[in-house]
There are 4 protein chains.
Amino acid sequence: MLNRVILIGRLTRDPELRYTPSGVAVTQFTLAVDRPFTAQGGEREADFIPIVTWRQLAETCANYLRKGRLTAVEGRIQVRNYENNEGKRVYVTEVIADNVRFLESNRDNNGGAAPREESPFGGGSGGGNRGNSSGYSRNNQDPFSDEGKPIDISDDDLPF
Amino acid sequence: MLNRVILIGRLTRDPELRYTPSGVAVTQFTLAVDRPFTAQGGEREADFIPIVTWRQLAETCANYLRKGRLTAVEGRIQVRNYENNEGKRVYVTEVIADNVRFLESNRDNNGGAAPREESPFGGGSGGGNRGNSSGYSRNNQDPFSDEGKPIDISDDDLPF
Amino acid sequence: MLNRVILIGRLTRDPELRYTPSGVAVTQFTLAVDRPFTAQGGEREADFIPIVTWRQLAETCANYLRKGRLTAVEGRIQVRNYENNEGKRVYVTEVIADNVRFLESNRDNNGGAAPREESPFGGGSGGGNRGNSSGYSRNNQDPFSDEGKPIDISDDDLPF
Amino acid sequence: MLNRVILIGRLTRDPELRYTPSGVAVTQFTLAVDRPFTAQGGEREADFIPIVTWRQLAETCANYLRKGRLTAVEGRIQVRNYENNEGKRVYVTEVIADNVRFLESNRDNNGGAAPREESPFGGGSGGGNRGNSSGYSRNNQDPFSDEGKPIDISDDDLPF
DNA sequence: TTTT
DNA sequence: TTTT
């Protein structure tokens with residue numbers, strides 16, 4: 001009835017952009033969020049929280065977010081489930097984001113992977129392929145071709 | 001770095017109160033939270049989100065929450081993992097609540113299980129056993145005795 | 001850059017529906033939200049927080065919310081300012097709601113004012129005047145005619 | 001009954017640390033939070049939201065926050081009121097913060113005022129006066145001496 | 001000016 | 001499988 005999540009953390013890897021069979025953009029990444037207390041032993045732990053974004057927001061995230069970047073995410077908790085290879089039901093909890101804030105510009109943080117775009121509001125190579133950073137065109141790609149795991153993304157998951 | 005969740009939904013069952021080996025109260029329940037849109041086909045779906053409360057809040061939840069009650073929960077997302085019987089790593093996502101609001105009084109809603117306590121601020125049988133609804137005293141109980149699944153609760157999970 | 005508020009409280013009065021000069025619905029009400037602690041002396045205090053809703057949500061709120069009802073509100077803090085009669089700048093802080101949840105149905109709570117509509121999803125008198133509870137038609141009304149204070153609502157305040 | 005605010009924005013000035021008559025630290029600052037849409041004319045507007053922190057958090061904020069810094073704030077909305085010089089009741093809305101995150105380290109942003117401390121976890125001059133940046137000792141100060149406006153802070157405002 |  |  002009400003379901004609201006706000007997180008600030010850092011990406012553990014570059015985001016992954018894919019497309020559903022019907023061509024809708026989806027980007028997934030994981031946010032490492034430090035816990036507000038230290039574990040016994042004094043080490044600070046983190047929660048690794050899977051984030052999913054759809055459509056235009058997915059393309060923006062794929063273009064501008066990179067591993068290590070401090071990022072704020074607003075969204076809702078969603079619990080999916082599917083049957084795995086052994087016929088067992090597996091539950092997957094993700095945050096479906098509807099608002100993502102880039103708290104570090106590209107200038108601030110240049111460790112990790114090289115940015116695919118020069119600047120958050122900079123040029124890009126123009127044209128219709130913007131946002132599809134896989135190098136495949138939107139029509140003949142197979143976004144899941146390199147995936148060993150069961151395909152767990154479909155148009156049925158579309159939140160709106 | 002920041003991790004905040006606010007949910008409003010209904011309990012799918014009565015809450016379960018247990019104690020860690022060192023005697024700390026933990027209560028778990030699941031909140032059914034309706035999604036803000038309807039699936040294709042027009043049915044309204046819900047997310048079933050596991051909630052964990054600790055210490056005094058755990059005892060209050062065990063005493064006053066019941067299946068079906070409309071409830072607000074504030075907390076943070078936590079992702080635990082453990083190795084299962086087949087040596088596979090399993091990830092469990094829960095909301096660790098630090099604030100729970102009972103949006104329906106006992107009077108409002110008397111379906112489901114009978115309340116164990118008469119009123120939210122009513123008597124109880126007094127004495128040291130308050131909040132331990134398992135019928136075991138706090139010292140000789142085995143809160144996990146009736147559990148087939150691997151014990152996935154320990155003092156290591158203590159959030160503060 | 002990020003601005004999110006979630007409140008649960010009770011309406012101090014029936015909501016007030018008005019229309020901007022260009023015919024956009026706006027509803028205002030105040031939420032009494034109990035503080036999480038007691039003041040010295042032991043009395044529990046509350047914050048009285050002004051809420052504003054626009055368009056369709058404004059009409060729904062005007063139709064179904066009433067004085068005393070337990071209500072959840074999601075939105076953002078907005079700070080307006082205007083010059084008063086004495087030429088002094090006055091600051092007004094409100095929560096612009098984009099999501100409102102009715103936590104008590106009409107059946108639960110029938111003290112206070114009589115409901116203008118029978119049931120949350122019930123009939124109403126039908127037709128185009130739905131949601132305009134002032135009795136004026138949408139075109140020839142003056143929503144501010146009965147107001148002594150400076151007109152502090154205009155199309156400029158439109159949030160989207 | 002539930003009152004939660006999360007903001008990300010930038011300080012409009014250096015924070016102001018004061019002490020109540022009984023010696024409790026209070027820090028006030030204003031956060032400029034960009035609105036999620038542009039006004040007609042295309043300019044992006046912001047809300048200027050007053051933040052209050054107490055005790056240890058007040059001292060930390062006074063030490064490490066500076067004008068212009070990107071900052072996340074978690075807290076609750078509080079509405080105070082007092083009678084002004086002309087006998088008129090004035091309402092003041094503030095966010096009482098219980099969690100503040102510094103999203104830019106001292107290195108990132110050195111515009112505006114010079115930092116009073118070298119680094120977030122750096123030295124300081126040590127000793128009991130830490131956090132009292134007014135230059136007054138905690139006992140003989142008058143935290144309101146340089147204030148023309150009515151004293152609007154007192155131990156009565158203490159949130160816990 | 002305030003709600004239960 | 002994890003980020004600074």
Side-chain angles (χ1 to χ4, degrees), chain A residues 7-16 28-35 43-51 65-73 102-104 108-113 147-149, chain B residues 1-3 79-81 83 88-91 93 101-108 119-121, chain C residues 7-16 28-35 43-51 65-73 102-104 108-113 147-149, chain D residues 1-3 79-81 83 88-91 93 101-105 107-108 120-121:
Chain A
L7 304 171
I8 300 179
R10 293 182 186 277
L11 273 80
T12 60
R13 300 159 142 252
D14 284 7
E16 280 188 63
Q28 304 190 272
F29 55 89
T30 296
L31 218 57
V33 182
D34 287 338
R35 294 193 180 160
E43 340 81 69
R44 185 161 294 274
E45 293 177 312
D47 291 290
F48 297 94
I49 303 174
I51 314 292
L65 286 179
R66 288 295 169 275
K67 180 181 175 177
R69 294 278 167 78
L70 191 67
T71 304
V73 163
F102 309 154
L103 304 177
E104 287 175 344
D108 292 340
N109 179 317
N110 261 324
E147 278 287 293
K149 354 170 204 160
Chain B
M1 213 172 170
L2 190 147
N3 183 336
V79 185
R80 291 188 288 120
N81 65 78
E83 206 160 298
K88 233 183 80 183
R89 192 139 296 270
V90 179
Y91 291 84
T93 304
R101 294 288 151 186
F102 310 154
L103 303 178
E104 286 175 344
S105 67
N106 284 357
R107 292 188 47 250
D108 293 339
S119 99
F121 303 99
Chain C
L7 304 170
I8 300 179
R10 292 183 186 276
L11 273 80
T12 61
R13 301 158 142 253
D14 283 8
E16 282 188 62
Q28 305 190 268
F29 55 91
T30 296
L31 218 57
V33 182
D34 287 338
R35 294 193 180 161
E43 340 80 69
R44 183 163 295 274
E45 295 177 311
D47 291 290
F48 297 94
I49 301 173
I51 313 291
L65 284 179
R66 287 296 169 274
K67 180 181 177 178
R69 295 279 167 77
L70 192 66
T71 305
V73 162
F102 310 154
L103 302 178
E104 285 175 346
D108 292 340
N109 180 317
N110 261 325
E147 279 287 293
K149 352 170 207 160
Chain D
M1 213 174 171
L2 189 147
N3 182 336
V79 184
R80 291 188 288 121
N81 65 78
E83 205 161 295
K88 232 183 80 182
R89 192 139 296 273
V90 179
Y91 291 83
T93 304
R101 294 287 151 186
F102 310 153
L103 303 178
E104 287 175 345
S105 67
R107 290 191 46 251
D108 293 340
F121 302 99

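The chains referred to below are lettered A, B, ... by the order of the sequence lines, with proteins before strands, and numbering in each begins at 1. Keep in mind that this is a model prediction, so the values were computed, not measured. The analysis underlying the following values was restricted to heavy atoms, covering all of them including side chains, and did not include hydrogens, waters or symmetry mates.
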Partners meeting side chain to side chain donor-acceptor pair (under 3.5 Å) with A:Arg13 (sequence neighbours left out): none
Charged N-O contact under 4.0 Å between C:Glu104 and C:Arg66: no
How many Å lie between CD on A:Glu45 and P on F:dT3, as a whole number? 15 Å
Could you tell me the separation between the CZ atom of B:Arg101 and the C1' atom of E:dT4, rounded to a whole number of Å? 13 Å
Evaluate the side-chain proximity of A:Ile51 to A:Leu7: yes if any heavy-atom separation is below 4.5 Å, no if none is. yes
Can you tell which of E:dT4, F:dT3, F:dT2 lies closest to the side chain of A:Thr30? F:dT2
D:Arg89 side chain near E:dT1 phosphate (N/O to OP1/OP2, under 4.0 Å): yes
A:Leu11 has an atom CG; how far is it from atom P of F:dT1, in whole Å? 20 Å
For the side chain of B:Tyr91, counting heavy atoms from C-beta on, which of F:dT4, E:dT2, F:dT1 is nearest? F:dT1
Round to the nearest Å and state the distance from C:Arg69 atom CZ to E:dT2 atom P. 22 Å
Just the rounded figure in Å: distance from C1' of E:dT3 to CZ of C:Arg66. 15 Å
Starting at atom CZ of A:Phe29, determine the distance to atom C1' of F:dT2, rounded to an integer number of angstrom. 14 Å
With a 4.5 Å heavy-atom cut-off, do C:Ile49 and C:Val73 have their side chains touching? no
Over how many whole Å does the gap from C:Leu31 atom CG to E:dT3 atom P extend? 13 Å
